[in-house]
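Every chain is numbered from 1, with letters handed out A, B, ... down the list of sequences.
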Amino acid sequence: MWQEAIQIDGPYNFDSVLQRHTPDPLKLLDLEKRTIRVPIVIAEKAQVVDITATGTTDRPAFVLNGKTDKEAAIKRVSEIFQWKVPLDKIQNHFQETDLKEIFNLFIGTPLVLDFDLFGSLIKCIIHQQINMTFAYTLTERFVKTFGYEIEGVWFFPEPETVAGLQVEQLRDLQFSGRKAEYIIGIAKEITENGLHLDVLKNQPDEAIFEQLTKIRGVGRWTVENFLLFALGRPNLFPLADIGIQNGLKKLYQLEKKPTYEEMERYKQDWEPYLSYASLYLWRSVE
DNA sequence: AACCAGGGAAGAT
DNA sequence: ATCTTCCATGGT
């Protein structure tokens with residue numbers, strides 16, 4: 001058992017983080033206690049780390065409680081919650097843009113990474129072209145059927161487990177046949193074809209696009225979301241994303257959803273922080 | 001009931 | 001290369 005108190009630079013709005021994750025049934029959080037319980041795997045050892053916010057948006061502070069591998073666990077938690085990203089600098093950048101109001105409304109909202117690389121990729125597949133509510137339901141069924149639980153916190157199944165599944169097992173959970181094939185196929189890329197997701201961490205976005213889009217079921221949007229939510233890359237703007245399209249439609253009061261051409265034009269001012277433009281546009285329509 | 005949803009593959013042009 | 005169609009299934 002270990003405990004650690006941590007202070008970071010503001011602005012950082014942890015309550016916004018909790019709020020954004022509230023619709024996800026797999027996230028164990030408490031808005032009033034300002035806590036979240038996070039499944040962490042370090043060197044194949046799984047543990048639950050409890051995070052409690054003790055500060056404010058301007059003076060953010062946290063208390064962490066874990067079981068083992070203290071230093072590595074803190075490092076991973078810091079990475080997941082993006083505690084070292086200078087949100088003040090990003091906030092300033094957007095003051096000169098059309099997104100100024102949205103950024104001021106949701107000031108201090110960080111990008112928060114998915115807890116598991118493989119899980120993040122599977123989640124992206126599940127979220128393709130279905131509404132969020134159903135996507136959360138499917139993900140919850142998937143994890144609670146094939147994953148494992150520690151202290152009430154669910155961990156994503158390992159690729160080995162998923163690679164051994166039959167399409168029918170996912171159909172039983174109301175996955176479409178196609179999505180079932182995609183998911184099992186990705187797991188097999190890892191277990192049989194030597195795909196190492198952790199190695200991707202050290203590669204540029206373009207190289208990752210090239211490798212992952214070769215996999216059946218993994219298109220541009222899926223890689224963009226993986227880069228954004230699994231690796232925390234700062235400059236992604238998924239044009240095909242319905243949420244972003246709706247965010248732009250609302251912002252510019254458009255009659256209908258923007259064309260790709262219009263989106264390409266809007267996004268120019270938001271480089272090199274397009275991921276944050278995406279995040280805040282998503283927030284604006286949540 | 002009809003349209004939509006944090007797309008992608010396969011086919012057509 | 002780029003555009004269109006089909007897929008698949010619950011939510012509103």
Side-chain angles (χ1 to χ4, degrees), chain A residues 16-17 19-27 99 102 106 109 111-115 119-142 144-145 166-189 208-233 235-251 254-264 266-267 270 274-286:
Chain A
S16 177
V17 170
Q19 193 189 357
R20 183 149 209 276
H21 288 277
T22 297
D24 184 346
L26 288 169
K27 297 286 195 315
L99 295 180
I102 296 177
F106 297 105
T109 303
L111 186 61
V112 172
L113 305 194
D114 292 328
F115 303 151
S120 182
L121 193 49
I122 300 303
K123 183 209 73 177
C124 290
I125 299 291
I126 291 175
H127 276 253
Q128 289 171 4
Q129 184 60 19
I130 60 175
N131 64 71
M132 297 290 283
T133 310
F134 184 44
Y136 282 132
T137 302
L138 284 181
T139 308
E140 182 184 20
R141 285 181 191 157
F142 180 81
K144 291 190 174 176
T145 305
Q166 299 302 123
V167 168
E168 294 72 36
Q169 289 176 273
L170 293 177
R171 297 278 296 142
D172 289 343
L173 304 182
Q174 288 177 289
F175 283 67
S176 66
R178 192 113 74 185
K179 244 173 217 184
E181 291 168 14
Y182 292 169
I183 289 168
I184 296 168
I186 288 170
K188 285 182 175 170
E189 285 295 319
I208 298 175
F209 269 110
E210 197 173 318
Q211 293 170 70
L212 294 186
T213 51
K214 283 182 189 160
I215 303 171
R216 184 161 178 264
V218 181
R220 180 171 188 83
W221 176 91
T222 299
V223 180
E224 287 168 334
N225 276 271
F226 178 77
L227 288 168
L228 227 157
F229 287 114
L231 302 185
R233 298 291 166 91
N235 201 33
L236 280 302
F237 196 67
L239 296 182
D241 189 277
I242 300 289
I244 291 180
Q245 292 169 9
N246 286 335
L248 292 171
K249 177 167 176 273
K250 182 178 175 184
L251 174 66
L254 307 174
E255 295 285 328
K256 45 188 179 179
K257 282 180 284 195
T259 64
Y260 286 163
E261 218 170 303
E262 292 171 315
M263 294 177 78
E264 292 282 3
Y266 293 139
K267 78 176 201 187
W270 307 332
L274 285 173
S275 297
Y276 289 87
S278 303
L279 176 65
Y280 283 65
L281 282 168
W282 279 320
R283 283 250 61 164
S284 74
V285 289
E286 278 169 359

Tell me which of I215(A) and N246(A) sits closer to the 5' end of DNA chain B, going by the nucleotide each one is nearest to.
N246(A)

Hey, does I242(A) reach any base, or is it just sugar-phosphate, or nothing, if we go heavy atoms under 4.0 Å?
sugar-phosphate

Any side-chain N or O of K257(A) less than 4.0 Å from the OP1 or OP2 oxygen of dA5(B)?
yes

Straight-line distance of T139(A) OG1 to F134(A) CZ, nearest 0.5 Å
10.0 Å

In whole Å, what separates the P atom of dA1(B) from that of dA8(C)?
22 Å

Presence of salt bridge, R178(A) and E181(A), under 4.0 angstrom
no

Does Y260(A) reach a base, just sugar-phosphate, or nothing at all? Heavy atoms under 4.0 Å.
nothing

Between CD1 of I183(A) and C1' of dG7(B) the distance, given in whole Å, is 13 Å

Short question: side chain of S120(A), backbone of F226(A) - any donor-acceptor pair under 3.5 Å?
no

When rounded to whole Å, the NZ to C1' distance for the pair K249(A) and dC4(B) reads 12 Å

Which comes earlier along DNA chain C counting from the 5' end, the contact point of T133(A) or that of Q129(A), where each point is its nearest nucleotide?
Q129(A)

Quick check for you: among dA8(C), dA9(B), dG7(B), whose closest atom lies nearest to any side-chain atom of W221(A)?
dG7(B)

Return the 5'-most residue of the pair R220(A), N131(A) with respect to DNA chain B, ranking by each residue's nearest nucleotide.
N131(A)

Does K27(A) count as lying over the ring of Y136(A), i.e. NZ or CZ under 6.0 Å from the six-ring centre, within 45 degrees of the axis?
no

Starting from P on dT2(C), measure out to CD on E261(A) and report it in whole angstrom.
13 Å

Let me know the distance between CD1 of I126(A) and P of dA8(C), rounded to the nearest Å.
17 Å

Minimum-distance nucleotide to Q128(A) side chain [options: dA5(B), dG8(B), dA10(B)]
dG8(B)

In whole Å, what is the span from the CZ atom of F134(A) to the C1' atom of dA8(C)?
9 Å

Please tell me if the side chains of F229(A) and L236(A) come closer than 4.5 Å, counting only heavy atoms from C-beta onward.
no

How would you label the contact of T222(A) with the nucleic acid (heavy atoms, under 4.0 Å): base, sugar-phosphate, or nothing?
sugar-phosphate

Between NZ of K256(A) and C1' of dA5(B) the distance, given in whole Å, is 19 Å

Rounded to whole Å, NZ of K179(A) lies from C1' of dG8(B) at a distance of 10 Å

Is the phosphate of dA10(B) approached by R216(A) (side-chain N or O, under 4.0 Å from OP1 or OP2)?
yes

Rounded to whole angstroms, how far apart are CD on Q174(A) and P on dC7(C)?
20 Å

